[in-house]
Amino acid sequence: MNDASIVLGIETSCDETAAAVVRNGVDVLSSVVSSQVEIHARFGGVVPEVASRAHLESINPVIGRALVEAGLGPHSINAVACTVGPGLIGALLVGVSAAKALALTWRVPFVGVNHHEAHLYAAFLEDPTLEFPLVVLLVSGGHTMLIEMLDHGTYRLLGRTIDDAAGEAYDKVARYLGLGYPGGPAIDALAGHGDPRAVAFPRAMMTREGANDGLDFSFSGLKTSVVNFVRGHPGAATADIAASFQAAVVDVLVTKTRRAAAQVGARGIVLAGGVAANSSLRAELAEACHRDGMRCFLPSRALCTDNAAMIAAAGWHRLRADGPTPLTIGALPNLRLDFV
Ligand code: KG4
Ligand code: ZN
């Protein structure tokens, strides 16, 4: 494995079938994402069995397209990286099986990638000059974490949600407001037409005391507050509720991320995960960082939500650090990040 390696990345942990070809861990030659959003929308959320079957149908065409768009034949691929967890077991197995088969056939290394670690690497695809230590706010459908990235592959957990993830809160509130699935983009769009000061929803665990130096999160009380408010005010404008809910989420996320960066003396702040595509979070964090004189990096929206370019990038770093992953590894639905 040398610096000129070309990695095929594969991602099937949830409801996107994705493949990408990345050179040297940073140069994206192709990135193909086939979303199942429309398939799951009528159920109001991801149905695991339906997701696995959709991945099976899409995986070969998506990989084929990634190779064609990169302008490369299979013999140019130096390694195959694939998400091994966390995620839905049946969904993960589709990608892992395809990746292992290709690695065996092409006689190249296979690299198992942690989906969370890959989200952290999305930022490096667009700015390889980012300097450590970095504070990363990882906000997705399943997780909300503040992570200190000390070096490539070395992470410290600074804070996490004690109940719902931020994306989960978006999805649940959107479903309650009748905005459909996925809820994040729907609330984001509607909030632009509402008044964020219309309802003073609670900001949980905002003090510095206790709760992991004030760096843990809680979003389930906020969701309940929205439900109670709507019951008590049936005539309230949905756009105002969406904007006020979003203001509460973003206020907590930005406050704690700034606090974490100050506590560890970070050289920069990075956003990662699906909720990092949120327009208000991006704008508020950028403005706060500007005021603090802190470097802030917001990956483009397509790299925040699930994609395979970030899998190839993380895989490239893992391969250099640890070498290939044995083909005996399976799908690991509960895989966690290793923290120091
Ligand atoms: O990282 P991701 O694509 O998948 C997981 O690994 O979970 O994140 C999906 C989550 C969903 O909860 C979705 O509602 C949320 O990210 N999301 C957003 C936005 N776009 C996606 N949340 C708020 N605003 C958005 N624009
Ligand atoms: Zn994700």
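Atoms within each ligand, like the ligands themselves, are counted from 1 in listed order. Only this structure's heavy atoms are used, side chains among them; waters, hydrogens and symmetry mates stay out.
- Cluster note: V50 groups with I39, F43, V47 through ILVMFWY side-chain heavy atoms spaced under 4.5 Å, whether in direct contact or through intervening members.
- Put simply, no part of C14 is less than 4.0 Å from ligand 1, judged by heavy atoms.
- Looking at A122, A118, A276, G274 and measuring to atom 16 (O) of ligand 1, the nearest heavy atom belongs to G274.
- In D188, the part holding a heavy atom less than 4.0 Å from any atom of ligand 1 is the side chain.
- Here's the thing with P182: none of its N/O atoms is less than 3.5 angstrom from an N/O atom of ligand 1.
- At a 3.5 angstrom cut-off on N or O pairs, T305 does not count as close to ligand 1.
- Two residues are said to be in side-chain contact when any heavy atoms from C-beta on lie closer than 4.5 Å; F110 and L104 fail this criterion.
- The shortest heavy-atom distance from Q246 to ligand 1 is not under 4.0 Å.
- Looking only at protein N/O/S atoms, the ones less than 2.8 Å from the Zn ion (ligand 2) make 3 in total.
- A perpendicular orientation is assigned to the rings of F245 and Y170, their planes being inclined by more than 60° (bins at 30° and 60°).
- Hydrophobic cluster membership for L150: V340 (Ile, Leu, Val, Met, Phe, Trp, Tyr linked by side-chain heavy atoms under 4.5 Å, directly or transitively).
- Closest protein heavy atom to atom 18 (C) of ligand 1: G184 CA, 3.5 Å.
- Between H152 and Y121, the angle of the ring planes stays under 30°, which puts this pair in the parallel group of the 30/60° scheme.
- Ligand 1 has a nitrogen or oxygen under 3.5 angstrom from a nitrogen or oxygen of N278.
- Polar contact check, D171 against ligand 1: a nitrogen or oxygen pair lies under 3.5 Å apart.
- Side-chain contact of E126 with S300: a donor-acceptor pair under 3.5 Å is present, judged by distance alone.
- In terms of N/O distances under 3.5 Å, ligand 1 is approached by H119.
- Residues meeting the side-chain contact (heavy atoms from CB on, under 4.5 Å) test with S244, sequence neighbours left out: A198, V199, F201.
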